[in-house]
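In this chain, numbering begins with 1 at the start of the sequence shown. Whatever order the structure lists them in is the order used to number ligands and atoms, beginning at 1. Everything numeric in this text was worked out from a predicted model, so none of it was measured.
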Amino acid sequence: MQTQSATTRTHQSYFPMRVGILGFGGLGQAASRLLSGKQEMQWVVAADKSGYVFDANGLDADRCHQICQQYGSLGYDPERGHLSENSITTAIANAGNVDGYFLALPNLPNTFMASVVRQFVEAGWQGVLVDALKRTSAMEQILALTDELRDAGITYMTGCGATPGLLTAAASVAAQSFAEIHEVKITFGVGIANWDAYRATIREDIAHMPGYDVEKAHAMSDEEVVALLEQTNGILTLENMEHADDLMLEMAGIVSRDRVSVGGVVDTRNPQKPLSTNVKVTGRTFEGKISTHTFTLGDDTSMAANVCGTAFGYLKAGYKLYRQGMHGVFTAAEVMPAFVR
Ligand code: NAD
């Protein structure tokens with residue numbers, strides 16, 4: 001009984017968390033809608049490329065969407081908005097006591113997220129950060145900042161989207177049945193009605209196609225993306241992607257990275273998934289049996305639901321670590337997400 005009341009007291013003093021969203025495109029906007037239904041998190045600040053919006057009493061998702069649609073940036077909000085060429089730095093400096101941020105930013109160029117993280121360190125900000133990074137090489141840059149983040153008093157949760165993220169965490173749970181893991185195979189299906197609702201996601205996916213890389217995809221104009229999608233009938237088929245699920249599962253001591261593969265199909269003209277997203281974990285049990293666990297996402301869960309739900313689950317889990325003085329970098333394969341009420 002005593003333990004229970006202590007837990008309740010602690011919980012009440014921690015929540016609601018004041019949270020920010022950096023990047024207000026496809027995922028950032030979906031994240032703001034998701035937070036509208038949560039009591040444990042209060043959304044107080046958001047930034048896009050041209051400005052930011054802040055209200056210590058909480059922001060309204062509908063209003064922010066409207067401003068963005070009408071004027072192209074949150075910074076145009078006449079009451080709470082500020083236009084800025086350095087919107088991230090100014091938002092961090094002016095938003096005051098924010099407990100955690102979801103970094104829903106494009107990682108274009110491939111060094112962008114690490115440069116944003118350095119801005120938090122330089123600002124002397126403390127709290128919890130969560131990203132939905134995809135590339136192994138991008139996550140390696142974040143991991144290289146572990147000591148700096150620890151010294152700065154920041155708890156950083158990396159790879160906390162859908163893949164990497166939800167599916168990597170599921171693989172980590174599934175691995176427990178086995179004495180030895182032979183293979184982890186992630187296959188995703190994504191359906192979106194229009195590619196331009198998720199420009200960075202689509203550009204970063206194109207970067208995995210044969211003949212493309214991050215620099216080339218980053219440099220593509222919108223017209224060039226449309227022309228490419230015209231050639232493929234709106235479909236991107238991706239195989240053996242450079243995805244950080246491999247690094248995360250290796251770091252967690254589950255399987256070597258060469259045994260992890262990620263691929264999928266993205267339909268940019270249809271919100272229905274072209275195939276069911278799943279992760280298959282194959283291994284040998286301690287009795288010597290070879291078997292496979294499969295975890296399949298519901299077809300009606302969107303990419304936004306799977307990425308943003310997971311990101312905030314890790315923001316909450318990371319906040320608990322932060323409050324216990326555990327700073328530095330953690331991945332979605334080594335910590336359980338905490339459900340946000
Ligand atoms: P988007 O292109 O729709 O939106 C990007 C937003 O970032 C825009 O609001 C833009 O104004 C803002 N932005 C760009 N540069 C900025 C800057 N310098 N300062 C401040 N804001 C800036 O992006 P999206 O499709 O929502 O994708 C966001 C990220 O999420 C991508 O990196 C993508 O790869 C990642 N993602 C991860 C997963 C996963 O499962 N792990 C799934 C989908 C997307």
Show every donor-acceptor pair shorter than 3.5 Å between a side-chain atom in residues 259-268 and any protein atom, with sequence neighbours excluded, or say none if there are none.
| unit_1 | atom_1 | unit_2 | atom_2 | d |
| --- | --- | --- | --- | --- |
| Arg259 | NH1 | His182 | O | 3.1 |
| Asp267 | OD1 | Arg269 | N | 2.9 |
| Thr268 | OG1 | Gly234 | O | 2.7 |

Check your understanding: Which parts of the protein, at residue level, reach under 4.0 Å of ligand 1 through a heavy atom?
Key -> Gly23, Phe24, Gly25, Gly26, Leu27, Asp48, Lys49, Ser87, Ile88, Ala104, Leu105, Pro106, Asn107, Phe112, Ala132, Lys134, Gly161, Ala162, Thr163, Pro164, Ala197, Tyr198, Arg199, Ala200, Thr201, Glu204, Met303, Val307
Review point. For Phe102, what residues pass the ring pair (Phe, Tyr, Trp, His ring centres under 6.0 Å) criterion, not counting sequence neighbours?
Key: Phe312
Exercise for review: Only counting residues at least two apart or in another chain, list the ones meeting ring pair (Phe, Tyr, Trp, His ring centres under 6.0 Å) with Phe112.
Suggested key: none
**Study point:** Arg284/Phe178 under side chain to side chain contact (heavy atoms under 4.5 Å, CB included): CA gap, chis, key distance, verdict
**Key:** CA-CA 5 Å; Arg284 181 182 50 78; Phe178 303 109; 5.8 Å; no
Point to revise | Polar contact flag, side-chain donor to acceptor under 3.5 angstrom, Thr90-Ser84 | key: yes
Practice item. Applying salt bridge (Lys or Arg N to Asp or Glu O under 4.0 Å), run through Asp245 and Lys134 and close with a yes or a no. Key: CA-CA 8 Å; Asp245 309 76; Lys134 293 213 246 192; over 6 Å; no
